[in-house]
Amino acid sequence: MLPILSFRPARTSSRFYCTLLLISALLSAGPGCKDDRAIHVYRTAKSANLQKESGSAGLGWNMPAGWSVRDGDAMRLASFSAPGPAGEADVSIVRLAGDGGGLAANINRWRGQIQLAPLAENTILNQMQREQGKLGVFKWIQLTNPGLGSNAIYGAVLQSKRGVVFVKMNGSLETLRANQEYFLQLCRSITEKTTSQSSNP
Amino acid sequence: MPPLVWKILKWSSDTRVFFFALIWLSFLVIAGTLAQADLGLYQAQQKYFSAWILWIWYIPLPGGSPVLTIVFVGLLVKLIFFTNWKPRFYGTIVVHFGALLLLFGSFLTAAFSSEGAMVIPEGGRTAFVRDYHAIELAITNRANPEFDETVTFAAGWLKYGEVIHHEQLPFDLEIIQYCANCRLERRSGPPPSSEWKGMARNFNLTEIPLHKDDSNNMAGLVFRIKTKANANNNQLDGIYAIFENMNIPQAFKLAGGDYLLEIRHELRQLPFEIELIDFVKEDHPGTQMARSYSSEVNLIDSDVHQRVLISMNHPLRHKGYTLYQSSFIQAGMGETTVLAVVENVGRLFPYISSLIMCIGLLLHLLIKMPVLFHNRSNAGGEQ
Amino acid sequence: MQTIDYRPTLPVIKGLFWALLVLQSGLYTHCSNSSADIGQKLAKVPVLHEGRIKPLDTFARVHLLAFYGRSTLPGISPMDWLLELLLNPQSAYNRPVFKLRNQDTVAALKLPSKDKMVYSFAELSGGMRESYEDIQRLFRLQQKDLSPVQSEMLRTYQAAMVYYEISRSLSLILPEYEIKTERLARELQLPQNTGLTYMQVFGKERQIQNLAQKLIHKDPNTFSSYDLDLLTIGQHLQFMQSDAQTEILRIVPPLWQDDGDVWYSPWAVVQRGRGSAQSARYLDLWHNLAIAWRSQDQQQLTTSAAALQELAGEITERQVNHSRLLLEYYYSLLDFFTWSLVFYVAAFLLLLASWITQPERLYRASWYTLLIAFILHTIGLLFRVYIMERPPVSTLYESILFVGFIAVAGGLYLEKIKSNATGIMLGSVMGAALQFVGLGYAADGDSMGMLVAVLNTNFWLATHVVTITIGYGTSFVGGFLGHVYLVRRFWQPEKKEELNDLYNTMIGVSLVALFFAMFGTILGGIWADQSWGRFWGWDPKENGALLICLWLLIALHGRLSGYFKAIGYALAMVFTNIIVALAWFGVNLLNIGLHSYGFTDSIALNLLLFCSAELMFMAVLYIMIQYKLERRPG
């Protein structure tokens, strides 16, 4: 048994205050020292690697030969331009969280961009073709509006772990046709970056 | 000493208090472990183990910290006032002392340690560590051709209504919305007023529940810029929105400065630099399963370059920091290593205390052995 | 007074070994396939599979486990099954080998219903062709979103793909072509009317293409037998190209510096130009074996198998550790753990019998039987340590084996000092129970799988993992003693001295358990600190270990503070079993998401059953003891 023993008040009072001091010091130090209102000012060399994550945020791909990277906007993970017989086409990769608002809504938004009327989800699904890529089977669609001249859109919808990835190629139909295989090649090459966390034993 | 205080002291070191504290702690461990399935490790840890108060519905219950504090205080008081220094208790005294040290070390760790990651592509070098969890607002002036000047504000500033004011900045910031995890939504109509600028004109930030895996959370901030009177340019005044890892970051030129506004995971500068020479992943033959991975790095401190191999179970320790091989990224052409960087003052305590506890328990066992495992046949007991 | 004589121990071990060998090899002799000894000859041929070199015999068993759910088929040895699949796929395709577990899956795969739900590849592929679209769709779902039937469908599909890949592994050296017309034979300079292999034909590919070009403009109705012959061989050649990707049967050792330790499959050797004189000879011998197998010529079979065995032996000696391969072969053959289970059960039965009749003799017999079981158990563990070159515990399966080992060792030790049958009881029950659980885990696949990078450290496996597993084992010993105490307290409350002795033992065991659990937990923390920089991260596995320590501390301090008297302490010990089981198995359920799996998963169900049984036991015994106390006050 570990009994509670030795009642010796005469010698304990100094020990008592030491203990009290120690405990209170610890308690005040504990939660108080991580300052969540800190302000830091520092200088860094222009070349410093500031640990920015690349905009691709967990996705990787291979850019088809002949294409070039170009500046996009805040929403895009990447933008490319694809040269072709009838001017350059604009290619973009965008990822939206969850289901991205639904397949039909997004395809219909593209349809709207070349002035096509929205369609029901089933009809759209029937128009889509299937391909096998690194993210599994994905669907893609060719949107053309004969009434509008040559402007057309090729769009692909891929399912990734952190949301839906939309790849869109927009330009004149002739250029798109010339780049169709490259476009699919890009879609097929999109992968989740293989990061491997060390797991616990 | 007043009798009441004495009573409290005696009570706090009572075995029964310890008994119930342990039962509650066990409950917390079970609940916190189960909660990890839904909340993820980090959030569950915050809610159950690090917290002082655990809220279940609207009922406040003691979290992990108060329980460990009670145990610590009890052990301390017991050791100082109520120890029975007889040989047969030596074992338990040593064990209790070891436990005290262990708890003390965990206080230090909880209070003073920090951890983050370094992501370095092959051939790249960096001195910065990105914190796993803490978010900061960073405003960088890029006008000087030699260097960038950065002002950072920790997460405590990012609250609705907070006004950020700093002498190095020619503008004030008023926080309108902060969300630890947000989703971008395209506005259905035009923006409410012409005050909304940049990305905020076309997009809304909507707060969504935190993801289990903290690295999947995307922090976002909506704020109002108000240029200071001496800047002589109020065209920039308006409401802006930024989120983590924007492709085209929010920036503007004002009063001779070129400012970049970012919301990001906290960056800390180390007193040395690391350059990745080569990352090697070795697989079990004929499979895709990693047998080992390692990073060959240059440790650059002042002007001294030193080659070091960091691999699984073989970290690099330097100036109080420890760098571990944590993971890697393989995409496209090159390989990128991810090193975990930890700074922990209390790092040695577990080693010392566990040694003491084990010695104590062994001592206790040896003392008790003859009583507990006596040989009945030798003792002549009946069959 | 009982005394235990150790003298016969050594001869017993030797005798056991031979007895097992005779018993096991006897199992296959009744199914006298013409090629029975061919399989045995080639059992030790080395193959690189799942990251390590293993005997072909293990390769066969692991795949049978995946297809059939057990490592042997009735009526045919694993090696003979594999050889048939490799050398004569067409006949193997009709052998039922895929076992489904669920009638709904049978229906979903559009298969005819059968009592035993064992299907041949021919049947399965017929059904799969029809449900192909569904299966492709399943591949896109996350593991956790799959219903049990769906995941079974996927599993079966994947198993069938692996099966097919194995069956095509040697297709390049199988006689699959035949030229029927003399003209074509002459033009291609190949023999007429004999089996030709891809290896012989593919050099003529260009020539065949050129000849076939001429047929393009010809009306198919006017094709001569020569034309048809040409077309058939051309199509077949193209069909064979799809086999070129088969990589599973890596039997050709690396001969080139830059290959490192990667072995190649026969197809890869040809495709990637990794061939050498030696690999050509090796493949030639396999070809001869295939010819002999198909003709069922016994003498030719024996000679070609012997030649192959000899060359494989040479390869083994040069490339890999020969004794490890040999030991692994015997490890699979002798099946130590199943036999130790048999002996544990026998020891338990003998002990029960000793309470009815012949106490002295049967008690001693039971002791020796337990000892034999323990020795088999130990030999099995030692085999594994030697074959894997790593400490005894690194996977869940191994932890089960090792906890059993510790519990039985504890039982034997207690029996040695107390000689009151409690130890034998403990050892036989725990040994049997854990070996039985282990059998289920052994059925998951190769029990000697490779480890992920972070676990690839013998030092920490040997210290932390072994220590914490000893902690589990000793905790179970304590838990078992708790049961014994409660039962005896109810049946024999008058034996105060013995009960008190048991109580003290229980405390002692829980102190030992606490020591190992705590030491193991702390070592785990130190490993974590060494490996990724934090001593404690509230990770489920760490929490599980912590929980055991906390519970043992609660039990010990509950006793000190007077909350637990003897009965309470015994109840707390029984509860330790629940805590250990949760920390050990429950934690593994968390990782895959308890909420989505529900309790359909068998581990979860068994765990639930175990915990409720223990709780029931505690409640019933407590009530019974209290009731008896009330009826007989004092």
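Convention: sequence-line order gives letters A, B, ...; per-chain numbering from 1. Both backbone and side-chain heavy atoms feed into the values below; hydrogens, waters and symmetry mates do not.
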Value rounded to 0.5 Å, distance of [atom1] in [X] from [atom2] in [Y]:
X         : Y         : atom1 : atom2 : value
Leu550(C) : Ile30(B)  : CG    : CD1   : 9.5 Å
Trp551(C) : Ile23(B)  : CH2   : CD1   : 6.5 Å
Leu28(B)  : Leu547(C) : CG    : CG    : 11.0 Å
Thr33(B)  : Glu542(C) : OG1   : CD    : 10.0 Å
Thr92(B)  : Leu556(C) : OG1   : CG    : 11.5 Å

Identify the heavy atoms of [X] and [Y] that sit nearest to each other, and give their distance.
X         : Y         : answer
Ile554(C) : Ser26(B)  : CD1-OG, 3.4 Å
Ser561(C) : Arg16(B)  : CB-CG, 3.4 Å
Ile522(C) : Ser354(B) : CG2-CB, 2.7 Å
Asp529(C) : Tyr324(B) : O-OH, 2.9 Å
Phe19(B)  : His557(C) : CD1-C, 4.1 Å

Can you tell which part of [X] gets under 4.5 Å to a heavy atom of chain B, answering side chain, backbone, both or neither?
X         : value
Tyr563(C) : side chain
Phe516(C) : neither
Ile526(C) : both

Go through the atoms of [X] and report whether side chain, backbone, both or neither lie under 4.5 Å from a heavy atom of chain C.
X         : answer
Tyr48(B)  : neither
Leu362(B) : both
Leu365(B) : side chain
Thr322(B) : neither

Exercise for the section: Could you tell me whether Phe97(B) atom CZ has more than 12 heavy atoms of other residues or ligands within 6.0 Å of it? Expected result: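 Incorrect, the count does not exceed 12.
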Problem - More than 12 heavy atoms from other groups under 6.0 Å of NE2 on His314(B) - result: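 Result for NE2/His314(B): open.
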Would you check if [X] and [Y] make a side-chain contact, meaning some heavy-atom pair closer than 4.5 Å?
X         : Y         : result
Asn543(C) : Gln36(B)  : yes
Phe515(C) : Cys358(B) : yes
Thr109(B) : Phe535(C) : no

Exercise for the section: Pick whichever of Val509(C), Leu414(C), Leu546(C) has the most heavy-atom pairs under 4.5 Å with chain B. Expected result: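 Most pairs with chain B among the choices: Val509(C).
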Handout entry: When Gly64(B), Gly105(B), Pro315(B), Ala44(B) are compared by non-hydrogen pairs under 4.5 Å with chain C, the top option
Key =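 Ranked by heavy-atom pairs under 4.5 Å with chain C, first place is Pro315(B).
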Exercise for the section: Could you check Leu511(C) against Met369(B) for side chain to side chain contact (heavy atoms under 4.5 Å, CB included), going step by step and ending with a plain yes or no? Expected result: CA-CA 10 Å; Leu511(C) 278 173; Met369(B) 200 69 145; over 6 Å; no
Problem - Aromatic plane relationship, Trp538(C) with Phe49(B) - under 30° parallel, 30 to 60° tilted, over 60° perpendicular - result: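 Parallel, since the angle between the ring planes stays under 30°.
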